[in-house]
There are 2 protein chains.
Amino acid sequence: MAKPSQTELAVLAALSVRPMTGYAAREAIVTELGMFWSESFGQIYPALARLREAGLVEAVQAQGSRSAVHRLTPAGRERLVELLREPVVASPPRNGMLLRLFFGDVLGPAACAELVLDARRRAEETLARLADARRGAEAENHPQQPYWLMTVSAGEHAARATLAWADETLDALSRLGGPAAG
Amino acid sequence: MAKPSQTELAVLAALSVRPMTGYAAREAIVTELGMFWSESFGQIYPALARLREAGLVEAVQAQGSRSAVHRLTPAGRERLVELLREPVVASPPRNGMLLRLFFGDVLGPAACAELVLDARRRAEETLARLADARRGAEAENHPQQPYWLMTVSAGEHAARATLAWADETLDALSRLGGPAAG
DNA sequence: GCTCGTTCATGTCTGCCAGATATAGACCTC
DNA sequence: GAGGTCTATATCTGGCAGACATGAACGAGC
């Protein structure tokens, strides 16, 4: 019940969909929330242990099998709502590509163009994965479906902004590299 | 010379602009790179000590005054180029707002609209600060000026994308809240 | 029936890092 | 000269990622 942990929020949220092992919870977070969230094994298992101790989740079917499926208790469901209502914790920005571009003079226009092209490629890949996610969500009939589409749309807007910026920036870089390189 | 640290890269980069105290380096990172980078005191001072020990920076004027101004050595400048050339380390995503929106069913449309409005407000503020930064950069005549403008532009594209997404999403949420609330 | 590779599953360890906190000199104001 | 703010340095706690260690289950091939 103490200090709100980001990991515990994500684990509770994942388990609210369906009971899962820690391993499966991590899989679900990577594949379904991967566009805007991430967790590591090193956090998930200690978090599950704490949640179990606090009575927020319970382990079922831990007998014969090695796998311990965890399920939310009613208290866990309450705690999830409580954590969701807490103010959003902003994660400090750390964009290595923009840091390098800011000191682009040191690397030169060609190396900078490589960095921007990389970012552009990643944005293209993101758009493709989001198109899949959108098709999948649109085929569903679930109370959370409209919310899923909103998060997909957030990713699409961000990725398209990256594409537009990259094209603009590649143009500027080619002009920096000398008119002959344009 | 060992494992490349993100903090050491940022500190070397900051000191490459001009010699500074640790405190001033942190100020510079917050104010000038704050849109895409962050550092804490708890990292800067140990990093400076390591860099000093490795001969990459040197302290000057540490005698009478309490303040220790640090300056890049030639080896430090080489190391900076080396670190800038290293592949970008991607920071794992953690967007608490989108996590909450994904489980928006639990909170309800009104609380979700609050979250989106918050994000919209922050994007507006970001755009205002970036407009200042752009004016400042455009007034300069510096070899790095075009690169500064590219990073400013990245922030502007991202912020405008957030605005467009927020408006679209607020509209969708108002329709979810029932046609009467639209 | 045995080995081998893969997947599922649980955990530990190291080290990066943010944020809070403690401390104190410098300078300014009233 | 008392109090407040800014500059400056440093430490400590705890969240967290990523690499690693370990082993069960299971199918493929011999």
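Per chain, numbering begins at 1; letters A, B, ... match sequence-line order.
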Next on the checklist: If hydrophobic clusters are built from ILVMFWY residues whose side chains come within less than 4.5 Å, do Met150(A) and Val88(A) share one?
Outcome noted: yes
Checklist entry - What is the distance, rounded to the nearest whole Å, between atom CD of Glu27(A) and atom P of dA9(C)? => result 9 Å
Checklist entry - Once you round it to whole Å, what is the distance between C1' of dA8(D) and NE2 of His70(B)? => result 12 Å
Checklist entry - Are Arg50(A) and Glu8(A) close enough, and set up right, to give a salt bridge (Lys or Arg N to Asp or Glu O under 4.0 Å), and what steps lead you there? => result CA-CA 9 Å; Arg50(A) 283 195 301 273; Glu8(A) 288 176 17; 2.7 Å; yes
Checklist entry - Roughly, in whole Å, what's the span from OH in Tyr45(B) to P in dA20(C)? => result 17 Å
Atom pairs, N/O to N/O, protein against nucleotides 17-19 of chain C, distance under 3.5 Å?
from	atom 1	to	atom 2	distance (Å)
dC17(C)	OP1	Arg94(A)	NH1	3.0
dC17(C)	OP2	Ser5(B)	OG	3.1
dC17(C)	OP2	Thr7(B)	OG1	3.2
dA18(C)	OP1	Ser38(B)	O	3.3
dA18(C)	OP1	Ser38(B)	OG	3.4
dA18(C)	OP2	Ser40(B)	N	3.4
dA18(C)	OP2	Ser40(B)	OG	3.3
dA18(C)	N7	Ser40(B)	OG	3.3

Checklist entry - Roughly, in whole Å, what's the span from CD1 in Ile44(A) to P in dA17(D)? => result 9 Å
Item to check | Arg121(B), Arg120(B), Arg122(B) screened by salt bridge (charged side-chain N to carboxylate O under 4.0 Å, His left out) with Glu124(B), the one that passes | outcome: Arg120(B)
Checklist outcome for this item: Rounded to whole Å, CD1 of Ile29(A) lies from P of dG18(D) at a distance of 14 Å
Checklist entry - Quick one: is Tyr23(A) getting a side-chain N or O under 4.0 Å of the dC8(C) phosphate, OP1 or OP2? => result yes
Next on the checklist: For Arg134(B), is the CZ atom crowded, meaning more than 12 foreign heavy atoms sit under 6.0 Å from it?
Outcome noted: yes
Next on the checklist: Here's one to test your reading of the geometry: is the NZ or CZ of Arg26(A) within 45 degrees of the ring axis of Phe41(A) and under 6.0 Å from its centre?
Outcome noted: yes
Next on the checklist: Is it the case that atom CZ in Arg160(B) sees more than 12 heavy atoms from other parts of the structure closer than 6.0 Å?
Outcome noted: yes
